[in-house]
Amino acid sequence: HAQARDAVCSALDELNISEDLQKIHPEMRFLKSRITNRQQYLQRPDWGRRLSDESREMLETEVREPADLCIVIADGLSAQAVNQHAAPVLSKLIPTLRERNWTLAPLCVVEQGRVAIADEIAFLLKAEAVLILIGERPGLSSPDSMGAYLTFRPRPGLTDESRNCVSNIRPAGLDYGQAAEKLFYLLMQMKARQLSGVNLKDESPLLGE
């Protein structure tokens, strides 16, 4: 219980995340939701789904070409999870995407963010799809579990049926290589079939086969 409580109160380590990822994808943006403290985050999930005015204005002023994918990292309910697992997963996924000529928007790191904030970010950055890595609600045996949510043609106002989810990403669950493999499969299917969510089924072979 103490580990789960500590995970919920943990803080996003932007410095280490950026240092780990800059060699892979040096273009980064550091953003905030409308939440100003952790207590507010737990009480007002709706504010965690929207960018702060300052962050939104920053993205609105960018002039850039559309991209295939926007990747977002958010603390969610366990910053500890993304601090530990986001960079290792992306260090495997991003090179594979580049080999397939995917274009990437700036990597966005968000404080006090919920899943849906990724839709607003990707919409502003003109990305065709978005992937958000976010700390999941801690369980008594897994305070460091990270989830991934994928959406095709993201925009503000979408709900969960528009997204695909990969959960329990951590060495003791779905390990980094397996997670990157599954995310790559889903992204390729999204692009090929032009959809995501309940209409996109994960028909990838069982991991390890």
For Val82 and Leu133, the nearest pair of non-hydrogen atoms, with its separation, is CG1-O, 3.8 Å

* To do: Answer yes or no: does atom CZ of Arg98 have more than 12 heavy-atom neighbours from other residues, nucleotides or ligands under 6.0 Å?
  => yes

Do Met190 and Leu195 come within less than 4.5 Å of each other through their side chains, counting heavy atoms only? no

Salt-bridge present (Arg155, Glu120; N to O < 4.0 Å): no

A cation-pi test, strictly: NZ or CZ of Arg114 under 6.0 Å from the centre of the six-membered ring of Tyr41 and no more than 45 degrees from its axis. Yes or no? yes

**pair Gln112-Asp75: side-chain heavy atoms closer than 4.5 Å** = yes

- Message: Is it true that Asn164 and Ser196 share a donor-acceptor pair across their side chains at a distance under 3.5 Å?
- Response: no

Between Ser18 and Gln22, does any side-chain donor sit less than 3.5 Å from a side-chain acceptor?
no

Near Glu161 CD, under 6.0 Å, is it more than 12 heavy atoms from other residues, nucleotides or ligands? yes

*asked:* Tell me whether Gln189 contacts the main-chain N or O of Tyr185 through its side chain, where contact means a donor paired with an acceptor under 3.5 Å.
replied: no

Please indicate whether Lys92 has more than 12 foreign heavy atoms, meaning atoms of other residues, nucleotides or ligands, lying under 6.0 Å from its NZ. no

ask   = Taking atom OH of Tyr176 as the centre, does the number of heavy atoms from other residues, nucleotides or ligands within less than 6.0 Å exceed 12?
value = yes

May I ask you to check if Arg44 and Trp47 form a cation-pi contact, with NZ or CZ under 6.0 angstrom from the six-membered ring centre and within 45° of the axis? yes

| Quick check: does any side chain N or O of Gln178 sit under 3.5 Å from a backbone N or O of Asp175, one acting as donor and the other as acceptor? | yes

Tested for salt bridge (charged side-chain N to carboxylate O under 4.0 Å, His left out) against Asp119, the lone hit among Arg163, Arg153, Arg50, Arg49 is Arg163

Closest heavy-atom pair, Gly113 versus Ile117, reported as atoms and distance to 0.1 Å, is CA-CG2, 4.4 Å

Test salt bridge (Lys or Arg N to Asp or Glu O under 4.0 Å) on Glu27 and Arg64 and set out the steps. CA-CA 13 Å; Glu27 194 176 8; Arg64 57 186 317 106; 3.2 Å; yes

Do Met188 and Arg100 have side chains that approach each other closer than 4.5 Å (heavy atoms only, starting at C-beta)?
yes

**Q.** Backbone N/O of Ser52 and side chain of Ser55: donor-acceptor pair under 3.5 Å
**A.** no

Correct closest heavy-atom pair for Arg34 and Asp53 would be NH2-OD1, 4.2 Å

For side-chain contact (heavy atoms from CB on, under 4.5 Å), just list the numbers for Thr151 and Leu158, CA-CA rounded to whole Å, side-chain angles, deciding distance to a tenth of an Å, and then say yes or no.
-> CA-CA 9 Å; Thr151 312; Leu158 293 180; 3.7 Å; yes

Closest non-hydrogen contact found for Pro154 with Ala127 is CD-O, 3.8 Å

Exercise. Count the heavy atoms belonging to other residues, nucleotides or ligands that lie under 6.0 Å from CD of Glu65, then report whether that count exceeds 12.
Key: no

